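Here's the structure, in structure tokens; my notes come after.
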Amino acid sequence: MLKAQETVLEIDLKALKHNLEFIKSKLEENTKCLAVVKAFAYGSDAVEVAKCLETLNVDYFAVAYVNEGVALRDAGITRPILVLHPQVFNIGALMDRNLEPSLYSHRILDIFIDEAKKRNQKKYPIHIKFNTGLNRLGFKEKDIDSIVSKLEDNASVKVKSIFSHLAASEDNTERDFTNGQIVSFKAISKQMIDGLGYRPMLHQCNTSGIMNYPEAHFDMVRSGIGLYGFGNNPEINRNLKPIATLKTVISQIHTLNIGDSLGYNRAFVADGITRTATLPIGHADGIGRQYGNEKGFVTINGQKASILGNVCMDMIMVDVTNIACMEGDEVVIFGQKNTAEHLAENVDSISYELLTAVSRRVKRTFNR
Ligand SMILES: *Cc1c(COP(=O)(O)O)cnc(C)c1O
């Protein structure tokens with residue numbers, strides 16, 4: 001990769017391929033793989049990532065919202081796309097693009113069926129979401145009879161899958177709870193299959209579920225964070241490669257004397273001669289204010305430089321007192337060595353949040 005000359009997010013598509021292969025190595029041969037590309041493919045670039053994964057034959061994509069699915073269709077993605085969290089308001093747009101809804105309540109199921117009938121649809125693929133303990137979205141077991149009665153003799157839609165989501169698949173202290181979710185999902189699936197008279201696909205695992213609950217892979221698994229290089233576990237992280245590297249450059253270097261202050265609200269005051277580097281990246285780019293005041297750090301010429309004072313909208317200042325560097329030098333915020341997970345830990349956050357925060361104004365480049 002070229003040396004950064006401005007703030008860029010480099011996306012390593014070879015690492016993406018590597019991660020997909022590692023995830024697939026954990027699956028039985030016939031288990032399908034759904035790639036979760038919501039939130040711009042976890043802050044990278046949904047279109048480029050989905051195009052790459054399509055050539056690598058992932059079976060399915062998932063996004064959170066309808067507009068994310070529309071963007072993928074507009075970019076030419078042809079594989080099935082599951083929309084995890086459609087709203088009644090955008091069902092029309094969803095159907096226009098052949099996106100497949102997760103239906104999680106009677107309200108949205110009824111409205112969807114009506115719309116499918118109105119449009120003379122035949123067997124429009126739908127996915128029924130069950131709540132087995134996350135208590136976020138989904139039908140309950142007690143809803144099965146009424147769901148089945150709405151779907152019986154209904155030619156306009158067809159249940160392509162039945163699914164649920166694990167609440168704590170990365171947490172080994174919650175194995176009993178997770179096993180309960182799996183047992184409950186099996187019971188629900190059986191009743192649904194009996195009621196429908198056919199067998200849709202079943203799926204329940206996210207990345208940590210894939211790694212920790214091989215007995216719950218069912219017909220398909222849904223991987224997000226794993227594809228992007230994180231496994232919520234040091235052991236698994238060793239086998240994955242973060243695909244995103246956030247880089248920037250040093251715009252200017254200042255030397256502060258004792259008592260000089262730095263940045264807004266004078267949040268940092270030098271207690272010794274302090275050399276600082278100003279970088280063109282701030283909270284509007286995704287480095288939140290919680291990383292200020294030495295909670296966060298960047299890497300310059302292989303050395304750690306703490307963020308001093310408050311994070312500005314478009315800039316941060318870092319401590320380079322003991323680092324040989326000059327204007328124009330490259331700076332790594334996070335990447336394959338100093339990872340997003342590691343940086344996020346300093347502010348009690350997680351890789352997911354830091355990755356998805358990188359704003360749209362940061363240029364994306366691709367290593368193919
Ligand atoms: C986001 C999401 C996933 C992916 O989870 P990872 O932990 O990133 O693998 C899977 N399923 C559902 C329903 C999700 O919302």
Side-chain angles (χ1 to χ4, degrees), residues 16 19-20 22-24 26-27 31-44 46 49-50 53 58-66 68-69 72 80-87 99-105 108 126-139 160-172 174 178 181-182 185 188 201-214 216-233 236-237 239-244 339-341 344 349-357:
L16 178 68
N19 296 334
L20 176 65
F22 178 71
I23 291 160
K24 282 192 169 172
K26 299 289 169 191
L27 309 180
T31 307
K32 289 190 161 63
C33 186
L34 174 153
V36 180
V37 293
K38 63 191 179 192
F40 299 103
Y42 290 43
S44 59
V49 163
L53 292 170
V58 302
D59 300 283
Y60 245 92
F61 290 111
V63 292
Y65 305 129
V66 170
E68 297 178 305
L72 292 181
I81 301 174
L82 165 60
V83 180
L84 294 165
H85 199 167
Q87 304 296 323
L99 304 170
E100 302 181 7
S102 157
L103 299 176
Y104 48 86
S105 73
I108 195 163
I126 62 172
H127 303 258
I128 306 290
K129 171 85 178 275
F130 281 93
N131 170 19
T132 53
L134 183 58
N135 291 321
R136 194 171 69 173
L137 280 185
F139 288 103
K160 190 112 166 256
S161 86
I162 299 165
F163 76 109
S164 185
H165 193 38
L166 299 173
S169 58
E170 74 283 10
D171 187 349
N172 259 322
E174 293 288 2
T178 305
Q181 283 197 278
I182 296 167
F185 181 62
I188 287 166
M201 290 192 294
L202 310 180
H203 48 112
Q204 190 172 28
C205 282
N206 63 342
T207 301
S208 293
I210 296 168
M211 303 302 160
N212 298 333
Y213 297 89
H217 288 179
F218 301 105
D219 301 301
M220 183 158 81
V221 296
R222 306 185 301 270
S223 184
I225 200 75
L227 290 170
Y228 308 111
F230 296 92
N232 303 321
N233 167 315
I236 292 157
N237 285 347
N239 292 290
L240 295 168
K241 291 183 188 161
I243 74 160
T339 66
E341 181 173 76
S349 182
I350 54 175
S351 60
Y352 298 74
E353 185 181 35
L354 181 55
L355 292 172
T356 57

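Here the structure is a predicted model, which means the values were calculated and not measured. Numbering of ligands and ligand atoms starts at 1, following listing order.
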Legend entry - Output field: ring centroids Tyr42/Phe230 closer than 6.0 Å: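 That pair fails the under 6.0 Å test.
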Inset, instruction - List, ordered by chain and residue number, the protein residues whose closest non-hydrogen atom lies under 4.0 Å from any atom of ligand 1. - result: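 Residues Val36, Lys38, Tyr42, Leu84, Arg136, His165, Asn206, Thr207, Arg222, Ser223, Gly224, Ile225, Tyr352 each place a heavy atom under 4.0 Å from ligand 1, listed by chain and number.
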Inset, instruction - Just jot down the salt bridge (charged side-chain N to carboxylate O under 4.0 Å, His left out) partners of Lys160, sequence neighbours excluded, or say none. - result: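 Partners of Lys160 by the salt bridge (charged side-chain N to carboxylate O under 4.0 Å, His left out) criterion, ordered by chain and then number, come out as Glu100.
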Inset, instruction - Test Leu16 against Leu20 for side chain to side chain contact (heavy atoms under 4.5 Å, CB included), laying out the working first. - result: CA-CA 6 Å; Leu16 178 68; Leu20 176 65; 5.9 Å; no
Inset, instruction - Of all the heavy-atom pairs spanning Val63 and Val37, show the shortest one and how long it is. - result: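 Answer, listing the atom of Val63 first, then Val37: CG1-CG2, 4.0 Å.
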Legend entry - With sequence neighbours excluded, residues passing side-chain hydrogen bond (donor to acceptor under 3.5 Å, both in side chains) with Ser161: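 His127, His203.
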Inset, instruction - With sequence neighbours excluded, tell me which residues meet side-chain hydrogen bond (donor to acceptor under 3.5 Å, both in side chains) with Thr132. - result: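 For Thr132 the side-chain hydrogen bond (donor to acceptor under 3.5 Å, both in side chains) partners, ignoring immediate neighbours, are Ser164, Gln181.
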